[in-house]
Amino acid sequence: MSRRRKKSSSDEERAPAPKPLTDAVIRNIGAWADEACDGFGLVVFEVEIQHPWVIQIFVDRPDATPGKGVTIDECARVSRYVEALLDVDVSVWPNYTLEVSSPGIERKLTKPRHFELSIGRQVRVVVHQPIETRNVFEGVLVAFDENVASVECAADDVVAIEWSNIAKARLIHDFAE
């Protein structure tokens with residue numbers, strides 16, 4: 001059984017439903033994040049848009065190493081910069097949520113640029129199609145050239161993984177160190 005709610009005078013006072021983010025606004029958010037990071041000596045790792053109107057910006061240092069990532073204060077500065085631009089853009093719904101943070105020590109690697117920035121680090125790569133009967137490879141990312149990730153899984157065992165065969169990948173960290 002369905003029930004209909006009777007309209008009240010407060011219905012007219014409610015804010016209209018948010019319109020979806022347009023491609024232009026999404027491009028602007030990425031550009032604003034890049035501007036902010038350039039100004040603070042950081043790099044944008046990823047911009048993710050969640051529905052409805054949750055904007056996640058992951059920032060890092062260009063030379064990030066474990067334990068030497070961005071600080072809360074740096075994330076707050078980037079957040080304030082982007083927030084000021086979002087607030088004056090009339091195409092942005094006023095009730096957005098903006099989250100600025102580090103991508104984390106065991107971050108996902110979702111773009112070729114992420115692999116390029118991670119050379120020399122420990123990775124875990126899951127492939128769509130098995131390579132030599134294996135679907136999961138852990139080791140040091142020794143190279144990323146022409147959309148091929150080279151992972152040294154053991155001494156003298158380097159596996160070349162085509163970008164198109166990578167299902168998911170992330171950095172791995174030995175927390176015992």
Side-chain angles (χ1 to χ4, degrees), residues 20-21 23 25-38 40-79 81-83 86 96-132 134-154 157-177:
L21 279 162
D23 289 339
V25 172
I26 293 169
R27 280 191 303 275
N28 285 345
I29 291 168
W32 298 333
D34 283 334
E35 285 174 18
C37 285
D38 286 347
F40 300 126
L42 303 172
V43 294
V44 174
F45 187 79
E46 185 88 66
V47 175
E48 292 183 4
I49 308 297
Q50 306 294 328
H51 185 72
W53 286 88
V54 175
I55 303 161
Q56 297 174 316
I57 301 173
F58 299 97
V59 300
D60 206 358
R61 295 186 182 286
D63 58 348
T65 56
K68 305 286 186 205
V70 296
T71 66
I72 293 171
D73 289 337
E74 289 169 321
C75 290
R77 283 193 290 265
V78 171
S79 179
Y81 184 95
V82 173
E83 181 180 3
L86 285 167
Y96 64 85
T97 300
L98 175 62
E99 302 170 355
V100 177
S101 67
S102 161
I105 198 164
E106 290 198 335
R107 65 195 61 179
K108 294 184 286 184
L109 306 176
T110 59
K111 298 179 179 177
R113 184 173 63 91
H114 297 162
F115 281 83
E116 292 164 357
L117 293 170
S118 300
I119 292 172
R121 310 267 308 268
Q122 291 284 327
V123 295
R124 181 175 198 266
V125 180
V126 178
V127 296
H128 295 287
Q129 298 296 317
I131 299 172
E132 299 175 10
R134 292 176 56 194
N135 284 65
V136 179
F137 299 90
E138 286 189 8
V140 175
L141 179 65
V142 293
F144 187 79
D145 295 312
E146 298 179 24
N147 288 326
V148 176
S150 298
V151 179
E152 184 175 353
C153 299
D157 179 25
V158 176
V159 178
I161 306 169
E162 294 282 335
W163 174 252
S164 61
N165 194 23
I166 296 173
K168 56 186 173 177
R170 66 178 174 83
L171 292 181
I172 54 177
H173 180 73
D174 183 1
F175 289 96
E177 291 180 352

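Values reported hereafter were calculated over all heavy atoms of this structure, with side chains retained and with hydrogens, waters and symmetry mates removed. Values in this document were obtained by computation on a predicted structure and should not be read as measured data.
- Formation of a donor-acceptor pair under 3.5 Å by the Asn165 side chain with backbone atoms of Gln129 is found in this model.
- Annotation for Pro62 and Gly41: closest pair CD-O, 3.4 Å, computed over non-hydrogen atoms.
- Here the straight-line distance linking atom CG of Leu141 with atom CD1 of Ile172 works out to 11.0 Å at 0.5 Å rounding.
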Output, in order, the C-alpha distance, side-chain angles, deciding distance and verdict of side chain to side chain contact (heavy atoms under 4.5 Å, CB included) for Glu99 and Ser79. CA-CA 7 Å; Glu99 302 170 355; Ser79 179; over 6 Å; no
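- No side-chain donor-acceptor contact under 3.5 Å links Ser118 to the backbone of Arg121.
- In summary, the aromatic rings of Phe58 and Phe45 are positioned with their centroids too far apart to meet the 6.0 Å limit.
- Using a 4.0 Å cut-off between a side-chain N of Lys or Arg and a carboxylate O of Asp or Glu, Arg107 and Glu46 do not qualify as a salt bridge.
- Within a 6.0 Å radius of NZ in Lys168, other residues, nucleotides and ligands contribute 12 heavy atoms or fewer.
- The minimum heavy-atom distance between Ser102 and Cys75, with the atom names listed, is N-SG, 4.1 Å.
- Closest approach of Ala36 and Val82 over heavy atoms only: CB-CG2, 4.5 Å.
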Val70 and Leu42: side chain to side chain contact (heavy atoms under 4.5 Å, CB included), yes or no, with the steps? CA-CA 8 Å; Val70 296; Leu42 303 172; 3.7 Å; yes
If you apply the rule side chain to side chain contact (heavy atoms under 4.5 Å, CB included), what do you find for Val151 with Val142, and how did you get there? CA-CA 6 Å; Val151 179; Val142 293; over 6 Å; no
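- Across all their heavy atoms, Ile131 and Ala160 have their closest contact at CD1-O, 4.0 Å.
- Of the candidates Val126, Asp157, Val123, Ile161, Phe137 forms a side chain to side chain contact (heavy atoms under 4.5 Å, CB included) with just one, namely Ile161.
- Nearest heavy-atom pair across Tyr81 and Trp32 is CE2-O, 3.6 Å.
- Closest non-hydrogen pair, Ala149 versus Ile166, comes out as CB-CD1, 4.4 Å.
- Taken from CG in Asn28 to CD in Glu35, the straight-line distance is 9.0 Å, to the nearest 0.5 Å.
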Report the C-alpha separation of Gln56 and Val47 in whole Å, then their side-chain angles, then the decisive distance to 0.1 Å, and conclude whether the side chain to side chain contact (heavy atoms under 4.5 Å, CB included) test is met. CA-CA 6 Å; Gln56 297 174 316; Val47 175; over 6 Å; no
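- Of the possible donor and acceptor atoms, none in the side chain of Gln122 sits under 3.5 Å from a partner among the backbone N and O of Leu171.
- Here the straight-line distance linking atom CD of Glu74 with atom SG of Cys37 works out to 9.5 Å at 0.5 Å rounding.
- For Glu146, the CD atom is loosely surrounded, since the number of other residues' heavy atoms within 6.0 Å does not exceed 12.
- Summarising the geometry, atom CZ belonging to Arg170 is positioned 11.5 Å from atom CD1 belonging to Ile105; distances are rounded to the nearest 0.5 Å.
- Atom OG1 of Thr97 is separated from atom CD1 of Ile55 by 8.0 Å, given to the nearest 0.5 angstrom.
- Tyr96 OH to Ile49 CD1: the interatomic distance, rounded to the nearest 0.5 Å, is 12.0 Å.
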